[in-house]
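Here's the structure we're looking at; comments come further down.
Computed from a predicted model, the values in this text were never measured in an experiment. Counting convention: from 1, in listed order, for ligands and their atoms alike.
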Amino acid sequence: MLSYRHSFHAGNHADVLKHTVQSLIITALKEKDKPFLYLDTHAGAGRYQLSGEHAERTGEYLEGIARVWQQEDLPEELAPYISCVKALNHGPALRYYPGSPLIARHLLREEDKLELTELHSSDFPLLRSEFQKDSRARLARADGYQQLKAKLPPPSRRGLILIDPPYEMKSDYQAVVKGIQEGYRRFSTGVFALWYPVVLRQQIKRMIHDLEDTGIRRILQIELAVRPDSDRFGMTGSGMIVINPPWKLEQQMQNVLPWLHRVLVPAGTGHTSVNWIVPE
Ligand code: SAM
């Protein structure tokens, strides 16, 4: 049984980091005329109501997107991401938050394609109704890891694969590496973007070690933590691991992370980092 619901967490600092990276990768892929595939293995519901019971109960978005979206000195690296948030909220009130599928929907072109997978019995119908009229999108209520075998390589031979599991089960830390390995074997030129929470640093170290063991090269790690690492319960930060990142991404994230950290964490705790796990 799946108990994780992203509606409790939508728009938090981890979503801000993830969706910033996602939108910069999509923007880079659009620099070439050729179409590409956006594959989302763990897509969620698509749209989240921030005044809804779930988001109100945790209030996580108040320390996330609510601190960022109307800043006057917004860095240019955030422009594609914030354009998605603004497109969903007609006016000054922040009522809805776009999940990764809606960010992709807003930024993709007519010729690009979306493959969206979500397993939850409540979230899948919500996602399906969002995309009913979008002929670019194909949806499946299926296991996201299986899609890394079934849907790759795409006919266009270009693509971004976002892997964003809930890490409800400890086995997800191994499953993501196995899934990436299988996807990469089929599509070694694709951009693979993996999100991870920082809960116990040891779990991340082990996952990175497993990733290094795959022999895959060009692996960039981006992290934003709001508190120092801790061995107590709870997420202190999150990161994105990007395989085959667009060449500008490293610099873009180095530019924008200090600003994001300052705005998201007025107390100044935690850290940001951008480094290569495995270079060229
Ligand atoms: N990517 C979304 C976004 O950024 O807006 C959020 C995804 S949320 C962190 C993880 C989602 O994965 C949940 O909606 C959960 O129901 C779904 N899920 C869990 N296990 C799955 C699996 N094996 N295959 C596909 N979806 C799964």
Side-chain angles (χ1 to χ4, degrees), residues 1-26 38-50 52 54-55 58 60-61 64-65 80-81 84-85 87-88 96-108 114-131 137-152 160-180 182-183 192-199 222 224 235 237-242:
M1 235 261 301
L2 296 172
S3 57
Y4 180 92
R5 302 293 304 278
H6 196 63
S7 42
F8 288 99
H9 311 290
N12 67 5
H13 61 82
D15 265 6
V16 172
L17 177 71
K18 179 202 326 173
H19 297 146
T20 298
V21 172
Q22 177 197 1
S23 53
L24 286 171
I25 296 172
I26 291 176
Y38 171 75
L39 168 59
D40 202 326
T41 58
H42 297 71
R47 175 192 301 251
Y48 301 97
Q49 199 180 339
L50 296 176
H54 290 185
T58 63
E60 289 187 21
Y61 76 96
I65 187 60
Y81 165 46
C84 302
V85 178
L88 208 57
Y96 298 106
Y97 186 75
S100 51
L102 262 59
I103 294 204
R105 178 173 76 187
H106 183 71
L107 296 176
L108 260 55
L114 300 95
E115 291 274 2
L116 310 172
T117 307
E118 170 55 47
L119 208 47
H120 199 285
S121 56
S122 305
D123 283 344
F124 181 72
L126 297 172
L127 183 67
R128 190 173 47 197
S129 68
E130 280 291 337
F131 281 87
R138 290 219 314 227
L139 280 78
R141 186 171 172 212
D143 175 24
Y145 296 118
Q146 289 301 321
Q147 305 298 78
L148 294 165
K149 292 194 252 181
K151 304 291 179 191
L152 299 179
L160 165 61
I161 298 100
L162 179 68
I163 305 165
D164 182 21
Y167 296 89
E168 261 182 308
M169 294 174 292
K170 293 222 169 42
S171 57
D172 270 331
Y173 291 93
Q174 282 93 52
V176 291
V177 176
K178 188 161 171 273
I180 286 176
E182 279 165 347
F192 292 80
L194 168 70
W195 179 84
Y196 64 86
V198 181
V199 180
I222 300 158
L224 190 161
M235 179 172 77
S238 70
M240 291 291 281
I241 290 178
V242 186

Among all protein heavy atoms in this structure, tell me which lies nearest to atom 5 (O) of ligand 1, with the distance rounded to 0.1 Å. S100 N, 2.8 Å

Quick test: of every protein heavy atom, which one is nearest to atom 26 (N) of ligand 1, and how far off is it to 0.1 Å? L119 N, 3.4 Å

Could you tell me whether A142 approaches ligand 1 through its side chain, its backbone, both or neither, with non-hydrogen atoms closer than 4.0 Å? backbone

For the residue pair Y48 and H9, is the inter-centroid distance of their aromatic rings smaller than 6.0 Å? no

If we only consider heavy atoms of L102, is any one of them less than 4.0 Å away from an atom in ligand 1? no

Please give me the minimum heavy-atom distance between H120 and Y4, naming the atom from each residue. CD2-O, 3.8 Å

With a heavy-atom distance limit of 4.0 Å, tell me whether K18 approaches ligand 1 through its side chain, its backbone, both, or neither. side chain

Ranked by distance from atom 10 (C) of ligand 1, the top protein heavy atom is D164 O, 3.3 Å

Does one side chain, of T117 or Q147, offer a donor that lies under 3.5 Å from an acceptor on the other? yes

Would you mind running through ligand 1 and noting each atom that sits below 4.0 Å from a heavy atom of D143? 22 (C), 23 (N), 24 (N)

Atoms of ligand 1 close to H120 [distance to a heavy atom under 4.0 angstrom, numbered from 1]: 16 (O)

With heavy-atom distances below 4.0 Å as the criterion, list the atoms of ligand 1 near D123. 14 (O)

Hey, mind stepping through R128 and E118 against salt bridge (Lys or Arg N to Asp or Glu O under 4.0 Å) and telling me if it holds? CA-CA 10 Å; R128 190 173 47 197; E118 170 55 47; over 6 Å; no

Rounded to the nearest 0.5 Å, the CG atom of L114 sits from the CG atom of D40 at a distance of 8.5 Å

Indicate yes or no: at least one non-hydrogen side-chain atom of M240 is less than 4.5 angstrom from one of L194. no

Taking all non-hydrogen atoms of both residues into account, name the closest pair between F131 and P101 and its distance. CZ-O, 3.5 Å

Please state which part of A43 comes within less than 4.0 Å of ligand 1, counting heavy atoms only: side chain, backbone, both or neither. backbone

Assess, by modelled atom type and distance only, whether the side chains of Y38 and Q22 contain a donor and an acceptor separated by less than 3.5 Å. yes

Which ligand 1 atoms does T41 reach within 4.0 Å, using its non-hydrogen atoms? 25 (C), 26 (N)

For G44, the ligand 1 atoms with a heavy-atom partner under 4.0 Å come out as 14 (O)

For ligand 1, which atoms, with element, lie under 4.0 Å from some heavy atom of G99? 5 (O)

Atom 21 (C) of ligand 1: the protein heavy-atom neighbour that sits closest, reported with distance to 0.1 Å: H42 CD2, 3.4 Å

What part of H6, side chain, backbone, both or neither, has a heavy atom within less than 4.0 angstrom of ligand 1? side chain

In the protein, which heavy atom is nearest to atom 24 (N) of ligand 1, and how far is it? G144 N, 2.8 Å

Please work out whether any backbone atom (N, CA, C, O) or any side-chain heavy atom from C-beta onward of H9 is under 4.0 Å from ligand 1, and answer side chain, backbone, both or neither. neither

Quick check: does P165 get an N/O under 3.5 Å from an N/O on ligand 1? no

Min over E168, E118, H19, R47 of heavy-atom distance to atom 15 (C) of ligand 1 lands on E118

Please report the C-alpha distance between H42 and L162 in whole Å, then the side-chain angles of each, then the deciding distance to 0.1 Å, and finally whether the side chain to side chain contact (heavy atoms under 4.5 Å, CB included) criterion is met. CA-CA 8 Å; H42 297 71; L162 179 68; over 6 Å; no

Whether the H6 and D15 side chains hold a donor-acceptor pair (N or O, under 3.5 Å, no angle test) is what I'd like checked. yes

Assess R47 against Y97: is NZ or CZ under 6.0 Å from the centre of the six-membered ring, and within 45 degrees of the ring's axis? no

